[in-house]
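So you know, we letter chains A, B, ... as the sequences are listed, proteins then strands, and number each from 1.
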2 protein chains.
Amino acid sequence: MISPNEPFYGFENLFSAGERIVAPRRTILRQQEVCDLIPLICSGWAACSLMLPDRRRRLILSFLLPGDIASTTIALEPVPHFSIEAVTSVHIRTVRHEDLKATLMRDTEFLERFLHYSAEQKIQADMLAIDLGYRSAEGRIARLILRLATRLKQRGLSDGVSFDFPLRQHHIGDATGLSNVHVSKVLVEFRHAGYVEINERSLRIKNQTELVEIANFG
Amino acid sequence: MISPNEPFYGFENLFSAGERIVAPRRTILRQQEVCDLIPLICSGWAACSLMLPDRRRRLILSFLLPGDIASTTIALEPVPHFSIEAVTSVHIRTVRHEDLKATLMRDTEFLERFLHYSAEQKIQADMLAIDLGYRSAEGRIARLILRLATRLKQRGLSDGVSFDFPLRQHHIGDATGLSNVHVSKVLVEFRHAGYVEINERSLRIKNQTELVEIANFG
DNA sequence: CGGCCCTTTGACGGACGTCAAATAGCGTGG
DNA sequence: CCACGCTATTTGACGTCCGTCAAAGGGCCG
């Protein structure tokens with residue numbers, strides 16, 4: 001039901017155009033600005049987001065974890081329709097846009113992985129639309145937590161139960177289309193019901209069964 | 001602001017595995033069932049949709065118009081995460097999954113068009129998430145109408161003002177995440193305000209300026 | 001100690017879903 | 001040609017989820 005989102009294996013073999021550390025809250029890549037360097041997350045969390053037309057809120061399309069690259073839509077067109085911002089301190093490696101494009105055209109095995117990753121991202125985007133269109137606040141937040149747990153486990157960054165959780169409530173709100181106030185209320189409810197424990201920037205799932213139930217039918 | 005969605009030029013040069021006519025309301029391709037024939041719409045309208053987990057409603061991800069292929073996610077993995085259903089009588093041509101894949105690996109110009117089309121679809125999916133997460137009912141419906149007008153005009157099927165409009169209100173509801181009842185109320189309001197005229201399965205935009213205003217800031 | 005950001009809590013309102021009933025259209029069969 | 005049934009649309013009443021506003025408390029750092 002909750003389809004995971006694997007890291008993009010193979011990207012690390014490309015010629016690296018550089019590495020750097022980005023501080024929390026700093027922008028890595030800005031919507032509508034030409035970028036010829038495509039970032040790969042080596043460590044830390046980042047958020048890939050769209051400004052809403054009213055310029056006052058934003059929608060976080062996905063959280064980027066170690067092993068992720070930005071949305072695959074910038075492979076051909078070097079003007080992203082999204083921004084990327086560091087959540088924690090983030091270590092990134094960059095690859096030249098031209099190098100990526102050339103490798104795609106030349107290396108069919110690499111291309112195959114890229115198309116697979118790209119398809120997975122499209123599916124996740126569709127799932128986000130379902131979440132925002134039809135699910136309750138509880139369902140959206142439960143799914144976000146479970147999806148992060150799965151992805152971190154895949155990357156060996158969690159046992160699937162507890163993990164570092166650097167998100168602020170406004171991140172959760174931006175990723176689920178909810179107001180900060182409502183996010184707070186739902187989290188209080190989850191803690192009170194004994195589903196999760198959140199403190200010191202870490203999260204522990206205490207009742208996975210119930211959380212999955214809420215995620216699927218909330 | 002409303003980024004259009006071009007047809008997938010180039011697909012028609014592939015080796016055709018067959019053609020057929022599908023009657024309205026018939027399923028062309030079913031979610032989670034192996035399909036080795038990828039459809040291209042030659043004439044008519046179809047809807048690409050996901051069943052919601054409660055199995056009672058569905059989300060229409062996009063309407064497929066002449067020149068469109070199904071979501072590009074089935075290029076590698078022949079098990080679609082979506083269904084396609086004919087809205088009108090639809091004329092389709094099919095291409096073998098294996099042929100498409102082989103052509104992508106061999107023909108770099110074709111690959112480039114495919115990646116471009118694929119990126120455009122990802123962007124549209126993100127826009128759908130914004131619509132469902134943040135826009136009002138009026139905004140969503142206005143955008144749907146304007147986007148269809150633009151796409152039909154690109155294909156030479158409309159002057160951008162009036163066009164055949166085979167959608168039922170439940171299609172509009174499924175595509176905007178609204179109940180049929182609420183769709184009806186908004187359409188009555190639009191007609192009453194003189195923004196559009198809908199009858200005899202056709203639609204005419206009477207006040208584009210106002211509709212664009214609602215689409216952007218609703 | 002003081003300022004800033006984050007979180008919590010309560011009050012209130014609005015947009016939209018659900019339920020229900022009336023009407024209209026449209027094809028089918030007698 | 002009419003009766004019938006099914007589907008689509010319209011309209012009203014009512015409820016609820018969640019947004020906005022406001023205020024208070026907590027943690028962190030200068």
Side-chain angles (χ1 to χ4, degrees), chain A residues 23-26 47 52 54 56-59 85 87-88 130-144 165-193 196-203 214 217-218, chain B residues 23-26 47 52 54 56-60 85 87-89 130-144 165-193 196-203 214 217-218:
Chain A
R25 309 182 53 112
R26 282 310 187 57
L52 299 190
D54 68 3
R56 288 183 300 113
R57 293 208 57 182
R58 60 178 187 160
L59 175 63
E85 190 181 299
V87 173
T88 64
I130 290 185
D131 283 357
L132 298 191
Y134 291 97
R135 292 189 200 273
S136 68
E138 287 83 358
R140 299 183 213 178
I141 292 180
R143 294 176 72 79
L144 178 63
F165 191 75
L167 301 184
R168 296 279 158 184
Q169 290 186 5
H170 68 82
H171 289 119
I172 300 179
D174 290 345
T176 54
L178 298 166
S179 68
N180 299 351
V181 175
H182 205 70
V183 169
S184 169
K185 285 172 181 165
V186 171
L187 288 182
V188 167
E189 175 203 333
F190 277 10
R191 268 194 297 243
H192 198 258
V196 296
E197 197 178 296
I198 306 181
N199 45 35
E200 306 295 334
R201 308 275 78 88
S202 81
L203 189 151
I214 294 171
F217 304 104
Chain B
R25 310 182 52 110
R26 281 310 187 58
L52 300 189
D54 67 2
R56 288 184 300 112
R57 292 207 59 182
R58 59 177 189 162
L59 174 62
I60 293 181
E85 190 181 298
V87 173
T88 64
S89 180
I130 290 186
D131 284 358
L132 299 191
Y134 292 97
R135 291 189 201 274
S136 68
E138 286 83 358
R140 299 184 213 178
I141 293 180
R143 292 176 73 78
L144 178 63
F165 192 74
L167 301 184
R168 297 280 159 183
Q169 290 187 5
H170 71 262
H171 289 119
I172 300 179
D174 291 343
T176 54
L178 298 166
S179 68
N180 300 350
V181 175
H182 205 70
V183 170
S184 170
K185 285 170 182 165
V186 171
L187 288 182
V188 167
E189 176 202 333
F190 278 10
R191 268 193 296 241
H192 197 257
V196 296
E197 197 177 296
I198 306 182
N199 45 34
E200 305 295 334
R201 308 275 78 89
S202 82
L203 190 153
I214 294 171
F217 303 104

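Within the nucleic acid shown, B/V181 comes within 4.0 Å of at least one base atom, counting heavy atoms only. Using a 4.0 Å heavy-atom cutoff across all strands shown, B/G177 reaches sugar-phosphate atoms only and no base atom. Within the nucleic acid shown, A/L178 comes within 4.0 Å of sugar-phosphate atoms alone, with no base atom in reach, counting heavy atoms only.
Of the candidate nucleotides D/dG12, D/dT10, C/dG10, C/dG10 has the atom nearest to the side chain of A/K185. Relative to the side chain of B/S179, the nucleotides C/dG17, C/dT7, C/dT9 differ in distance, and C/dG17 lies closest. Candidate nucleotides D/dC18, D/dT11, C/dT9 were compared by shortest atom distance to the side chain of A/E138, and D/dC18 ranks first. Of the listed nucleotides (C/dT9, D/dT9, C/dT7), C/dT7 has the atom at the smallest distance from the side chain of A/R201.
The residue among A/R56 and A/E200 whose nearest nucleotide of DNA chain D lies closer to the 5′ end is A/R56. Residue whose closest nucleotide on DNA chain D sits further toward the 5' end, between B/H170 and A/S136: B/H170.
Not a single side chain to side chain donor-acceptor pair (under 3.5 Å) links B/N199 to another residue, sequence neighbours left out.
At D/dG27, none of the side-chain N or O atoms of A/R168 fall inside 4.0 Å of OP1 or OP2 (strictly under the cut-off). At the phosphate of C/dT7, neither OP1 nor OP2 sits under 4.0 Å from any side-chain N or O atom of A/S184. Contact check, B/R140 against C/dA15: no side-chain N or O comes under 4.0 Å of OP1 or OP2. A close approach under 4.0 Å does occur between a side-chain nitrogen or oxygen of A/Q169 and OP1 or OP2 of C/dT8. For the pair A/R191 and C/dT8, the criterion of a side-chain N or O lying under 4.0 Å from OP1 or OP2 is met.
Taking atom CG on B/D131 and atom P on C/dA15, their separation rounds to 18 Å, with Å as the unit. Counting to the nearest Å, the P atom of C/dG27 and the CZ atom of B/R25 are 14 Å from each other. Taking atom CD1 of B/I172 as the reference point, atom P of D/dT10 lies 10 Å away to the nearest angstrom. Regarding B/H182, its NE2 atom lies at a distance of 9 Å from the P atom of C/dA15, rounded to whole Å. Note: CG (A/N180) to P (D/dA23) measures 18 Å, nearest angstrom. Atom CZ in A/R135 sits roughly 17 Å away from atom P in D/dC17 (whole-Å rounding). With rounding to whole Å, B/L132 atom CG is found 20 Å from D/dC17 atom P. A straight line from CZ of A/R57 to C1' of D/dG19 spans 9 Å, rounded to a whole angstrom.
In this structure, CG in A/L52 is found 6.5 Å from CG in A/L59, a value given to the nearest 0.5 Å. With rounding to the nearest 0.5 angstrom, the CD1 atom of B/I172 is 6.0 Å from the CD1 atom of B/I141. To the nearest 0.5 angstrom, A/I130 atom CD1 is 12.5 Å from B/R58 atom CZ.
Looking at A/F165 and A/R201, their side chains never come closer than 4.5 Å, going by heavy atoms from C-beta outward.
Nearest heavy-atom pair across A/L178 and A/R140 is CD2-NH1, 3.8 Å.
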